[in-house]
Colleague: 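Let me begin by handing over the structure; questions about it come next.
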Number of protein chains: 2
Amino acid sequence: MGAEAMDDTLTRKGRATRARIVEGAAHVLREQGVGFTTLDDIRGRTGTSKSQLFHYFPDGKEELLLAVAQFEADRILEDQQPHLGQLDSWESWQRWRDVVVERYELQGDHCPSGALFLHVGQARPGARAIVTELLRQWQGQLARGMRALQANGLVAAELDVERAAAALLAGLQGGVAILMSTGDSTHLKAAIDTGIEHLRRARPTTAA
Amino acid sequence: MGAEAMDDTLTRKGRATRARIVEGAAHVLREQGVGFTTLDDIRGRTGTSKSQLFHYFPDGKEELLLAVAQFEADRILEDQQPHLGQLDSWESWQRWRDVVVERYELQGDHCPSGALFLHVGQARPGARAIVTELLRQWQGQLARGMRALQANGLVAAELDVERAAAALLAGLQGGVAILMSTGDSTHLKAAIDTGIEHLRRARPTTAA
DNA sequence: TGCTTTCTGGACTTGCTGGTCCATTTTCCA
DNA sequence: TGGAAAATGGACCAGCAAGTCCAGAAAGCA
């Protein structure tokens with residue numbers, strides 16, 4: 001997209017303003033939802049003028065939304081670190097679980113990042129790519145953690161790691177979706193806990 | 001809502017038109033998504049005039065969307081019958097699984113009903129109520145099926161049925177969400193299959 | 001049949017929102 | 001320092017979509 005090409009000609013001040021716009025827009029979007037947010041809302045929040053918005057995002061709202069989607073996608077994985085990258089013991093899985101639950105409970109119905117990409121992701125091809133890549137990385141990290149458990153002899157080698165990771169990721173996503181629409185985190189907890197339990201039951205047959 | 005109060009004064013023709021509007025609107029919304037659908041789109045699709053729309057839905061778009069949400073919510077559970085109501089053997093669970101997967105694979109990225117309520121459900125209180133009730137009933141049926149397995153001695157009585165049902169529902173929802181945004185049903189299948197597997201592993205300790 | 005109520009068509013209004021434009025200020029850098 | 005390029009402010013425009021209104025057709029009903 002044109003964003004990178006623009007970074008070349010961006011001054012220090014320009015980069016700061018652009019970042020301010022993206023962050024501010026992300027905030028407004030999380031609060032109000034994509035469908036109810038106007039450029040003027042973003043303008044007000046970020047203390048910028050119309051011309052600035054179009055200066056940094058020549059293709060207008062579409063491009064800005066895409067930049068926010070990417071920003072949020074990155075943030076989602078970062079927020080789970082370092083736990084998500086170190087899933088090599090039962091304790092670390094538990095810590096990761098707690099971080100995820102706490103994070104999404106805090107955001108509550110304030111349409112978290114998950115909502116953002118779900119909304120955008122339906123039609124626009126660019127947004128779909130961002131979502132797909134996010135899910136790929138997310139699932140990859142979960143699978144990596146499961147293989148670490150296998151390597152440590154905590155989980156049977158027979159476990160279909162990719163499938164288990166896909167199921168866990170789906171449960172997590174669904175739990176978040178339900179949390180967003182009902183305000184209740186029961187499903188999120190149940191999904192993750194059951195997913196981890198699934199691993200726990202897949203103890204190696206040799207060990208006992 | 002005003003809808004029921006209106007049914008009193010509706011003639012046969014009136015009821016038919018109202019139903020046509022709701023069904024047509026549901027169709028358009030599934031195709032285009034909430035954010036991209038205008039009243040004129042619905043008007044065109046249903047062969048109605050502006051005044052008809054506001055005659056049957058005095059509160060305008062909001063009320064119409066709510067009616068569609070309720071319509072879709074009912075349809076979701078109906079489409080899973082009779083399987084969802086008869087989950088008393090492993091075979092029936094498998095049949096239900098196949099129906100769900102097939103149904104959502106068919107709808108593909110054509111924003112299925114799930115998307116609809118997710119979109120609407122973020123802010124509007126009425127929509128939130130519809131979603132909550134749908135999930136409650138859905139989970140109730142799953143839990144009922146699990147209890148049937150317990151009654152038939154196929155699953156240990158110790159299984160926390162409500163928690164397992166919540167986890168399965170979350171996985172299903174997340175799987176559908178991922179299917180919608182990526183076009184891939186792998187996660188949906190993995191989630192449901194893993195959920196059922198979870199039950200299979202909870203065999204009664206007495207039987208063996 | 002004749003009167004009332006409901007139903008329908010479609011022109012019209014109104015407000016909002018994304019997007020354009022240009023003048024002005026600030027920053028860069030040679 | 002001075003000119004070019006970037007950054008900023010904000011007035012302005014155009015289109016669109018929700019919602020209004022009223023006149024006329026079709027049903028219901030006694």
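Heavy atoms only: backbone and side chains are in, while hydrogens, waters and symmetry mates are out. Just so it is clear: chains get the letters A, B, ... in the order the sequence lines come, proteins before strands, and each one is counted from 1.
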Colleague: Nearest to the side chain of Thr11(A) - dC21(C), dT27(C), dG19(D)?
Modeller: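 The closest nucleotide is dT27(C).
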Colleague: How close or far is atom P of dC7(C) from atom CZ of Arg20(B), stated in whole angstroms?
Modeller: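 Value for this atom pair: 12 Å.
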Colleague: Of the nucleotides dG10(D), dG18(C), dA17(D), which one has an atom closest to the side chain of Lys61(A)?
Modeller: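 Output: dG18(C).
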Colleague: Distance check needed: dT20(C) P versus Leu39(A) CG, whole Å only.
Modeller: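 Value for this atom pair: 11 Å.
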Colleague: Rounded to whole Å, how long is the line connecting atom CZ of Phe36(A) with atom C1' of dC16(C)?
Modeller: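 Distance, rounded to whole Å: 15 Å.
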Colleague: In this structure, how many angstroms lie between the C1' atom of dT20(C) and the CZ atom of Phe57(A), rounded?
Modeller: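 Atom CZ in Phe57(A) sits about 18 Å away from atom C1' in dT20(C).
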Colleague: Any side-chain N or O of Tyr56(A) under 4.0 Å from OP1/OP2 of dA6(D)?
Modeller: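 For dA6(D), neither OP1 nor OP2 has a side-chain N or O of Tyr56(A) closer than 4.0 Å.
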Colleague: Taking the side chain of Thr38(B) as its heavy atoms from C-beta onward, which of dT6(C), dC22(C), dA18(D) lies nearest to it?
Modeller: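 For the Thr38(B) side chain, the nearest candidate turns out to be dA18(D).
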Colleague: Within this structure, what is the CG-to-C1' distance between Asp59(B) and dA18(D), rounded to whole angstrom?
Modeller: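 One finds 13 Å between C1' of dA18(D) and CG of Asp59(B), rounded.
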Colleague: Considering only side-chain heavy atoms of Lys50(B), which listed nucleotide, dA11(D), dG9(C), dG19(D), is closest?
Modeller: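 Selected nucleotide: dG19(D).
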Colleague: Measure from the side chain of Phe54(A), starting at C-beta and using heavy atoms only, and say which of dG18(C), dT20(D), dT8(C) lies closest.
Modeller: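 Comparing dG18(C), dT20(D), dT8(C) against the side chain of Phe54(A), the answer is dG18(C).
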Colleague: Could you tell me whether the side chain of Leu134(A) reaches within less than 4.5 Å of the side chain of Ile76(A), counting heavy atoms only?
Modeller: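 A side-chain contact exists here, since the closest heavy-atom pair is under 4.5 Å.
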Colleague: Can you tell me which residue pairs pass the salt bridge (Lys or Arg N to Asp or Glu O under 4.0 Å) test with a partner in residues 86-101 of chain B, sequence neighbours excluded?
Modeller: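 Matches after skipping sequence neighbours: Arg97(B)-Asp193(B).
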Colleague: Report yes if a side-chain nitrogen or oxygen of Thr17(B) is closer than 4.0 Å to either non-bridging phosphate oxygen (OP1 or OP2) of dT8(C); otherwise report no.
Modeller: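 Checking dT8(C) against Thr17(B), a side-chain N or O does come within under 4.0 Å of OP1 or OP2.
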Colleague: Looking only at side-chain N and O atoms, does Lys13(B) come under 4.0 Å of OP1 or OP2 in dC7(C)?
Modeller: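 No, because none of the side-chain N or O atoms of Lys13(B) sits under 4.0 Å from OP1 or OP2 of dC7(C).
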Colleague: Take atom NE2 of His55(B) and atom P of dA26(D), then tell me their distance rounded to the nearest Å.
Modeller: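 Atom-to-atom, His55(B) to dA26(D), this comes out as 16 Å.
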Colleague: Using the test side-chain hydrogen bond (donor to acceptor under 3.5 Å, both in side chains), find all partners of Thr17(B) that sit at least two apart in sequence or belong to another chain.
Modeller: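 In terms of side-chain hydrogen bond (donor to acceptor under 3.5 Å, both in side chains), with neighbours along the sequence ignored, Thr17(B) is linked to no residue.
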Colleague: Figure out the CG/P separation between Asp40(B) and dG10(C), and round it to whole Å.
Modeller: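 The answer, rounded to whole Å, is 12 Å.
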Colleague: Are the side chain of Glu72(B) and the backbone N or O of Ala69(B) linked by a donor-acceptor pair below 3.5 Å?
Modeller: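 It does not hold such a pair.
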Colleague: Looking only at side-chain N and O atoms, does Gln52(A) come under 4.0 Å of OP1 or OP2 in dT8(D)?
Modeller: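 For Gln52(A), the contact criterion (side-chain N or O under 4.0 Å from OP1 or OP2 of dT8(D)) is met.
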Colleague: To the nearest angstrom, how far is Arg18(B) atom CZ from dT6(C) atom P?
Modeller: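 It is 16 Å, rounded to the nearest whole Å.
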Colleague: One pair to check against salt bridge (Lys or Arg N to Asp or Glu O under 4.0 Å): Glu105(A) and Lys189(A). What are the steps and the verdict?
Modeller: CA-CA 10 Å; Glu105(A) 273 184 342; Lys189(A) 292 178 193 161; 3.4 Å; yes
